[in-house]
Student: 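So that we are looking at the same thing, I have put the structure below in structure tokens.
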Amino acid sequence: MKALYGIEARAKPFPSVVHALRHKFRDVKTVLDIGAGTGRFLSYFVHGVYRSPRGVWLNEAKPPLERYVAIEPYPKSCQKLRALAVEGVEVVCAPWEEVRERYLSDRYDMVIWWDSAMFIDLSVVHGGSPLEALLKELDIVVERTWKWLLFSLHDVKQCVLCRKDFDAVYAHLESRLKLAAKRGWNRVYAKA
């Protein structure tokens, strides 16, 4: 199955479950953002503010980032990410399954995989069903994460990984990480 690339909704709010814990992320220096979209998390963590038609979220606890890797395959979103890039920000305009090996050789204080795993077919990498492949990939991602995993799935009409598999994904993550906060399908995990 070929990966699907979603177009990010124009007026996305910033996830309240992440915003509420912003002070806990003060020591984050390295971030890997898989499926970075138009830069919601990049804006918030790198620039200290995220603005959308739905509001403004200030991050007065902006961490001292040294490296932020934003992976995004959708060209129009990638263009917006490049406009937000400053020193220490690397924008990679390619599908995750094509660049993953290069970036999984490093470790990160925080990995953000928010509302994009539903579109990525990792069975081309790991074999098996999309669910089995994602679980294998999550084990690797967890191993490469020093402190925090911000993870969310979203129920969409066109999906590689669909709603019927979400509970299995979250159960898998919660067997490996400490759940720091959740709201709906949004999760913040701490590395135990």
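What you see below is based on every heavy atom in this structure, not just the backbone, and it leaves out hydrogens, waters and symmetry mates.
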Student: Any side-chain heavy-atom pair from His172 and Leu134 closer than 4.5 angstrom?
Tutor: no
Student: Parallel, tilted or perpendicular: which describes the rings of Phe151 and Tyr170, with under 30° parallel and over 60° perpendicular?
Tutor: perpendicular
Student: Given side chain to side chain contact (heavy atoms under 4.5 Å, CB included), test Tyr44 with Arg22 step by step and report yes or no.
Tutor: CA-CA 10 Å; Tyr44 185 79; Arg22 64 193 176 279; 3.1 Å; yes
Student: Among side-chain atoms of Tyr103 and Glu90, is any donor-acceptor pair under 3.5 angstrom?
Tutor: yes
Student: If Ile, Leu, Val, Met, Phe, Trp and Tyr residues are connected whenever their side-chain heavy atoms lie under 4.5 Å apart, and connections chain through other members, are Val49 and Val28 in the same group?
Tutor: no
Student: Take atom NZ of Lys147 as the centre, draw a 6.0 Å sphere, and report whether it contains more than 12 heavy atoms from other residues, nucleotides or ligands.
Tutor: yes
Student: Take atom NZ in Lys29; do more than 12 heavy atoms of anything else shown fall under 6.0 Å from it?
Tutor: no
Student: Do other residues, nucleotides or ligands put more than 12 heavy atoms under 6.0 Å from Arg107 CZ?
Tutor: yes
Student: How about Tyr50 and Phe41: are their ring centroids closer than 6.0 Å?
Tutor: no
Student: For Gln79, is the CD atom crowded, meaning more than 12 foreign heavy atoms sit under 6.0 Å from it?
Tutor: no
Student: Without hydrogens or angle criteria, can the side chains of His126 and Glu132 be said to hold a donor-acceptor pair below 3.5 Å?
Tutor: no
Student: Any chain of hydrophobic side-chain contacts (each under 4.5 Å) joining Trp146 to Ile112?
Tutor: no
Student: In sequence, state the C-alpha distance, the side-chain angles, and the governing distance for Asp139 and Arg176, and then conclude on salt bridge (Lys or Arg N to Asp or Glu O under 4.0 Å).
Tutor: CA-CA 8 Å; Asp139 285 342; Arg176 287 156 176 73; 2.7 Å; yes
